[in-house]
Structure formats: structure tokens, C-alpha cells
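What you see is a predicted model, and the numbers here were worked out from it, not measured in a lab. Chain letters run A, B, ... following the sequence lines, proteins first and then strands; every chain starts at 1.
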Amino acid sequence: MTSLPRAFYRRHPAQVAPELLNKLLLRDDGRVGRIVEVEAYAGSEDPAAHTFRGRTVRNASMFGDGGHLYVYFSYGMHWAANAVCGEIGQGFGVLLRALEPVDGLDLMRQARSKARRTQDLASGPGRLAQAMGIDRRFDGADLVTGAQGVCIVSDGVEPPLQPVVGPRVGITKAVDLPWRWHVPDNPHVSKRRPLRRTE
DNA sequence: TTGAGGATTCTC
DNA sequence: AGAATCCTCAAA
């Protein structure tokens, strides 16, 4: 298990995102998940990014240094976690969209009583945060040192040579950018709701 | 002060 | 397909 150096994160999110596939997200209580789905969000160059229109109270941590966590509250119900990327002030990040549960499954099931199958535990950004117990307290946490109880490490498994690439989910702006990546044929990737037919 | 919209999930 | 649910931020 080796933690990823700060320099790993201090790059463009479209470069970092696919390399985060197959890395491990760790909690200090033993919960471990393998990252199998991610999306890149690129600050002022990306209309779909929370940071597109500049710094606010909510997105402040996304403007911080790479290798920290940006946690936000979504749709009045869910938390979601991003790995902040780039340099201070850029507002780059990678949304962690799905995990394959690896360890601490009992705690994950406890946190996600609605999930019947293992593949429902963390297949989606809201589910992922709930399964890992990530909420507002972890906003700004250092993913390199793990000092706040959450970190990302490598166990030597390489990212997929040919990840599945496609448009991001659940956004209405910059919908055509192919900034979503996932591990091919992995059952823990989030299921896309079929796109609403445009009449 | 207001209100529209949102990087979603669950159930029907 | 619709509901749940509430925070954020721009605009007035």
C-alpha cells in the first residue's frame, strides 16, 4: 500500500481521473473500496463544474491544493466526494462515482441498509459517500497523508489499459465532453438512467 | 429576501 | 415517471 504523491494530483483532472481507476479509497475504520468510476471537472474551463463561476463558500475546498477532498451536499439528501486536482486556485477535481467494496463490508451495509446487493453499496456518488461514511466533516481532508481519516492509496493494481470513456452523468452543461471513465465490465459501476428521449 | 435549480437515489 | 428534500447563490 503506497499513498499517491501530491504531484499525482497536481495535474489536469482529465489526466488524473483515469489514473485513479483501480486505486483504493480508505477510511480509518477499515472500510476500503476500489475506485471503478470517475468524472473530471475542470474549473473555469468547464461550465458543468461547481467552480466554473469562481470561488464560493460551498466550493472553497475545490480551489485548494491537489490531493484534498471536496465534499458537497447534493439534491438535499446526498453527499458526494471529489479528489481535488491541479494547483491552488484552479478549482479542478475528480468526482468519485463508484467503488467496488473491498473491506469493511459490514460497516458499509450498516450505512446503506437500502442496498440489497453488494453492487448497490457504492455504485453512484451518493451511495459511495454513504457507504464510506463521508460527509461534511471530511471536506478538505488530506488524501495524501490521511490525517483526517480518509486517503487514497495504490495496492499495485494498475488502471485499466482501455477504460470505458464517455459523457458525464447528470449534468446539463458541457454534456458532450467525454470526461467519465470506468473500469470495463465491472458490476459496481453506477447504472445510468436511460436518457430522456428528446421529442 | 426570494426562488430556481441541482455532479442523486429510491419507489411506484 | 415522479417524489424526496434542502442548500446554494445570483438576482432583485
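When rounded to the nearest whole Å, the span between CD of E37(A) and P of dA7(B) equals 16 Å. A straight line from CZ of R116(A) to P of dC10(B) spans 12 Å, rounded to a whole angstrom. Residue L128(A) contributes atom CG, which lies 14 Å from atom C1' of dT9(B) at whole-angstrom precision. Whole-Å rounding puts the K173(A) NZ to dG6(B) C1' distance at 9 Å. Counting to the nearest Å, the C1' atom of dC12(B) and the NZ atom of K114(A) are 14 Å from each other. Rounded to an integer number of Å, the gap from CZ of R117(A) to P of dC10(B) is 11 Å. Look at OH on Y41(A): it is 12 Å from P on dG6(B), rounded to the nearest Å.
Counting any heavy atom pair closer than 4.0 Å across all strands shown, R180(A) reaches no nucleic acid atom. Using a 4.0 Å heavy-atom criterion, one finds that L95(A) contacts the bases of the nucleic acid, with or without backbone contacts as well. Residue contacts shown for A80(A) are absent, as no nucleic acid heavy atom lies under 4.0 Å away. The residue T172(A) sits close only to the backbone: its heavy atoms come under 4.0 Å of sugar-phosphate atoms, none of a base.
Between D142(A) and R6(A) a salt bridge is recorded (basic side-chain N to carboxylate O distance below 4.0 Å). Under the 4.0 Å criterion applied to side-chain N and carboxylate O atoms, K114(A) and D120(A) are not assigned as salt-bridge partners.
Counting only N and O atoms by type, the side chains of S61(A) and D139(A) include a donor and acceptor under 3.5 Å apart.
No side-chain heavy atom of V164(A) sits under 4.5 Å from any side-chain heavy atom of V189(A). The shortest distance between side-chain heavy atoms of Y72(A) and N59(A) does not fall below 4.5 Å. At a threshold of 4.5 Å between non-hydrogen side-chain atoms, the residues L143(A) and V150(A) count as touching. Using a 4.5 Å cut-off on side-chain heavy atoms (C-beta onward), T118(A) and R109(A) make contact.
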Write out a two-atom table: protein N or O, nucleotide N or O from nucleotides 1-3 of chain B, distance below 3.5 Å.
none

Does the protein touch nucleotides 4-10 of chain C at the base, only the backbone, or not at all? Give it as B, S and - per nucleotide, heavy atoms under 4.0 Å. BBBSSS-
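Listed for the R10(A) side chain is no donor-acceptor partner under 3.5 Å among the backbone atoms of E87(A).
Partner of R31(A) under the side-chain contact (heavy atoms from CB on, under 4.5 Å) criterion, out of L25(A), D103(A), L107(A): L107(A) alone. Tested against S154(A) for a side-chain contact (heavy atoms from CB on, under 4.5 Å), the candidates M1(A), E19(A), K23(A) yield a single pass: K23(A).
A cation-pi arrangement is present between R11(A) and F8(A), with the terminal nitrogen or guanidinium carbon under 6.0 Å from the aromatic centre and inside a 45° cone about the axis.
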Once Watson-Crick and G-U wobble pairs under 3.5 Å are found, how is DNA chain C written in dot-bracket notation, 5' to 3', with | for any base paired to another strand? ||||.||||||.
